[in-house]
Amino acid sequence: MSRSKSGLFLMELIIAIAFFAVSSAICVQLFAMAHTLSSRSVGVQMAVMNAQSAAETFKASGGDTAVMSSVLEAAIVGEQLVVHFDENWGRTDYNTRFEMVVSTDMSSALATASITVTDSLLGEELYSLTVLRYMGVN
């Protein structure tokens with residue numbers, strides 16, 4: 001009789017351990033997802049902030065790429081301004097994680113700047129913004 005009781009206790013113990021193992025695996029997965037989501041949220045927030053800064057610089061400078069390049073610490077590549085950021089959103093020329101590209105069109109009285117911030121590591125666009133500024137009739 002004592003043999004069957006110990007077998008039943010062992011079976012209950014195994015079931016309890018299995019339940020807690022599955023529960024802990026689910027919790028670890030949720031924590032990992034929360035960390036990933038938090039990192040993505042910080043990335044989008046920083047992308048929005050830098051794009052807005054570039055938009056305000058475009059408006060204040062009247063679309064002058066030399067002034068914008070100086071203020072944004074950007075490289076002029078063709079017709080575009082390019083700003084590279086590292087993992088912590090510090091400006092860098094090497095070890096690039098994020099990239100902001102500012103393309104301007106000054107061909108009409110309504111000047112346009114298209115600002116795009118991408119995550120180079122994941123190859124996805126984090127944020128894009130189009131800015132219009134009335135330049136007046138020449």
Side-chain angles (χ1 to χ4, degrees):
M1 200 178 249
S2 71
R3 185 173 177 94
S4 65
K5 285 185 180 180
S6 64
L8 183 60
F9 174 74
L10 185 59
M11 185 61 87
E12 288 177 10
L13 188 60
I14 290 172
I15 290 172
I17 290 173
F19 173 76
F20 286 116
V22 169
S23 298
S24 65
I26 291 171
C27 287
V28 167
Q29 191 175 27
L30 288 174
F31 283 128
M33 252 192 318
H35 176 70
T36 302
L37 188 60
S38 174
S39 296
R40 170 118 171 97
S41 176
V42 167
V44 170
Q45 181 181 8
M46 291 299 294
V48 168
M49 185 184 73
N50 282 294
Q52 287 176 343
S53 176
E56 292 299 326
T57 302
F58 171 75
K59 288 180 179 180
S61 69
D64 185 353
T65 54
V67 173
M68 290 175 61
S69 173
S70 174
V71 171
L72 296 174
E73 298 175 23
I76 299 174
V77 180
E79 296 291 317
Q80 300 177 330
L81 296 173
V82 180
V83 183
H84 297 282
F85 300 97
D86 61 13
E87 284 277 327
N88 299 317
W89 288 91
R91 288 183 171 86
T92 184
D93 291 331
Y94 59 92
N95 199 14
T96 300
R97 167 73 191 269
F98 303 101
E99 181 180 71
M100 179 172 67
V101 177
V102 181
S103 302
T104 58
D105 179 13
M106 307 294 287
S107 61
S108 68
L110 195 59
T112 306
S114 298
I115 304 162
T116 305
V117 183
T118 57
D119 185 339
S120 302
L121 183 66
L122 300 178
E124 68 180 1
E125 183 178 295
L126 294 176
Y127 188 72
S128 68
L129 178 65
T130 302
V131 183
L132 303 172
R133 183 181 193 276
Y134 182 69
M135 300 300 284
V137 179
N138 293 334

Got a donor-acceptor contact below 3.5 angstrom from the [X] side chain to the [Y] backbone?
X: Ser38; Y: Ala34; answer: no
X: Thr96; Y: Phe98; answer: no
X: Thr36; Y: Ala32; answer: yes
X: Ser53; Y: Met49; answer: no
X: Asn88; Y: Gly90; answer: no
X: Ser70; Y: Ala66; answer: no
X: Ser41; Y: Leu37; answer: no
X: Arg91; Y: Leu72; answer: yes

Single-linkage hydrophobic cluster, 4.5 Å side-chain cutoff, [X] and [Y] together:
X: Phe85; Y: Val42; result: yes
X: Val101; Y: Val48; result: no
X: Val71; Y: Trp89; result: no
X: Val117; Y: Met46; result: yes
X: Leu13; Y: Ile15; result: no

Handout entry: Distance-only donor-acceptor check, side chains Glu125 and Thr118, under 3.5 Å
Key =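 The criterion, which ignores hydrogens and geometry beyond distance, is not satisfied for Thr118 and Glu125.
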Practice task
Step through the shown structure and confirm whether more than 12 heavy atoms of other residues, nucleotides or ligands are within 6.0 Å of CD on Glu79.
Solution key: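 Not more than 12 within 6.0 Å, no.
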For a quick test of reading the model, state the closest non-hydrogen atom pair linking [X] to [Y] and the distance between them.
X: Leu121; Y: Arg97; answer: CB-NE, 3.4 Å
X: Ser69; Y: Ala74; answer: OG-O, 2.7 Å
X: Ala54; Y: Met68; answer: O-CE, 4.4 Å

Practice task
Going by the side-chain contact (heavy atoms from CB on, under 4.5 Å) test, name the single residue among Val82, Leu126, Thr116 that passes it with Glu99.
Solution key: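 The passing option is Val82.
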Handout entry: Option passing side-chain contact (heavy atoms from CB on, under 4.5 Å) with Phe58 (candidates Val131, Thr65, Val67, Ile115)
Key =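 Result for side-chain contact (heavy atoms from CB on, under 4.5 Å) with Phe58: Val131.
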Practice task
Working to the nearest 0.5 Å, report the span between CZ of Arg133 and CE of Met106.
Solution key: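 Those atoms lie 7.5 Å apart.
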